[in-house]
Chemist: 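Below you'll find the structure I mean.
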Amino acid sequence: MSECKTIDARDTFCPGPLMELITYMKQANVGDTLELLSTDKGTASDVPEWIKKVGHEMVSSEKVGEVWHLTVRKTK
Amino acid sequence: MRILVVGGGCGGTILANNLARRLASEIRNRKVRITMLSASDKHMYQPGLLYVAFGQMMPDELYRDQESLLEPCIDFHVDPVEEFHLDQNKVKTKSGKTHEYDTLIIATGSRIVPEEVPGLTEGSETFYSEASAVKMFKRLREFEGGKVAIVVGVPHKCPIAPVEITFALHDYFKARGIRDKVHIKYHYPIGRIHTIENVAIWAKPEFDRIGVEYETLFNVKEVDVENQIVKSEEGTETEYDLLISIPPHRGMEVIEKDKLGAGGWIPTDRYQLTMEGHDNVYVLGDTTNLPVSKTGSAAHFEAEVVAENISSIIKIGAPVREYDGKVYCFIEAGHDRATYAMFNYQNPPNLKSPNKSMHWFKMSYNKMYWTSVRGLL
């Protein structure tokens, strides 16, 4: 059964939001959805760039207040 | 009050010593007892492994007897925990003993898991253990030229290590007079050459200057040992003659086995450093799931906060401090120069130009660590 997990990577400079996402993506099962929370302005472009290159699915991306909410699905 | 520290690494040791001094009178009056359980009677200065890999430190310089680093009032046992029973406030150890506690600190650290990447164990050199660092040094000595590839697993301890090892490799081959015969290619998991933006901004022109090629968005998927090719999750590949890896890490097996946290990382409150759902359990260093560097430095600053809070809870019934995410990392930048990155949850690092004094400060810190881990620095 697929899971939806939230990764709180707000206010982090090292290892940073994308590195956190990659960590949790490795632990996830195919079909799982991960929501990444980030206050780093670069995340909105960094995450879709990696997701596209590696071949997972970008589900949604929106900014709520000062926090980016990016949802991705593991596809392989 | 029974305080149990599980793990005798940097974080656990600093915490136990700091706490022992803060609670000296309570310990004398037998109101408080501090017990430490560790897997080893030796304490390793892990950052020294980078120097061992280049023949600049000998392995025996990395160790001290753990008991010699602890305040005498700390009850120390080499007896690793095999079962955590958090609902009953007790742990069971390898020897079969049960230790009950009122307050528990889990500081069990992390371990490399190169086996998660097919071919990485057989196909690459690394420096995250004494044996592998010595092996890497011998391999470097024999290397006469060719393609060197550096790959980085996720997550990994010491996020500065990938750039440090790259500068060190350049210096090493240059000193041997064979740099012109060595092509160095650096691979990194995200879209710039370091996760800290200011480090990436600084390191990129440095790599250009010393002739290091780089490929970003490269998450190592497998190593074809026979054909000497490393492949990425993103579909690219690099040929190599010598592969250097920063292996992926996990928390300790007992953490995963007892379902304290996925991947061996325990869900932790980022300010109080308590385990989620357990107010009498604190988590330190690599063991947390916090979005903070897995380094001795983070463990050090976290340990000071936890020690102060446990002490104040005993003395006045309330915690007095929050962890602000502070980390301080030296960055060896090659050519006997170094700089540092200091940051917390709110403030990014502002990198200074590398200089020789910072390098010699780092070399001094390699010795001063033993004062630091005693909680005196």
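Lettering follows sequence order; numbering is per chain, from 1. This structure is a prediction, so every number in the text was calculated from the model and none was measured.
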Chemist: Please work out which of the three classes, parallel, tilted or perpendicular, describes the rings of B:Tyr365 and B:Tyr369, given edges at 30° and 60°.
Modeler: perpendicular
Chemist: As an exercise: rank B:Ser232, B:Ala341, B:Ala262, B:Pro159 by heavy-atom pairs under 4.5 Å with chain A and give me the winner.
Modeler: B:Ala262
Chemist: Within the structure provided, determine whether B:Ile255 and B:Phe84 are in side-chain contact (heavy-atom separation under 4.5 Å).
Modeler: yes
Chemist: If we define contacts as heavy-atom pairs under 4.5 Å, which of B:Pro348, B:Pro189, B:Pro155 has the most with chain A?
Modeler: B:Pro348
Chemist: Does any backbone or side-chain atom of A:Lys53 lie under 4.5 Å from a heavy atom of chain B? Answer side chain, backbone, both or neither.
Modeler: both
Chemist: Under 4.5 Å, counting heavy-atom pairs only, tell me which of B:Asn347, B:Thr216, B:Val327 racks up the most with chain A.
Modeler: B:Asn347
Chemist: Quick one: does B:His300's side chain get under 4.5 Å of B:Tyr328's, heavy atoms only?
Modeler: no
Chemist: Under 4.5 Å heavy-atom distance to chain A, tell me which part of B:Phe343 shows up: side chain, backbone, both or neither.
Modeler: side chain
Chemist: When heavy-atom pairs shorter than 4.5 Å are enumerated against chain B, which of A:Lys26, A:Glu49, A:Lys76 gives the highest number?
Modeler: A:Lys26
Chemist: Is there side-chain contact between B:Val230 and B:Phe218, with heavy atoms separated by less than 4.5 Å?
Modeler: yes
Chemist: Give the member of A:Leu18, A:Leu21, A:Ile7, A:Asp46 that has the highest number of heavy-atom pairs under 4.5 Å with chain B.
Modeler: A:Leu18
Chemist: Within 45 degrees of the axis of the six-membered ring of B:Trp265 and under 6.0 Å from its centre: does B:Lys294 put its NZ or CZ there?
Modeler: yes
Chemist: Going through the checks in order, is the salt bridge (Lys or Arg N to Asp or Glu O under 4.0 Å) test met by B:Arg270 and A:Asp8?
Modeler: CA-CA 10 Å; B:Arg270 64 164 67 188; A:Asp8 185 357; 3.5 Å; yes
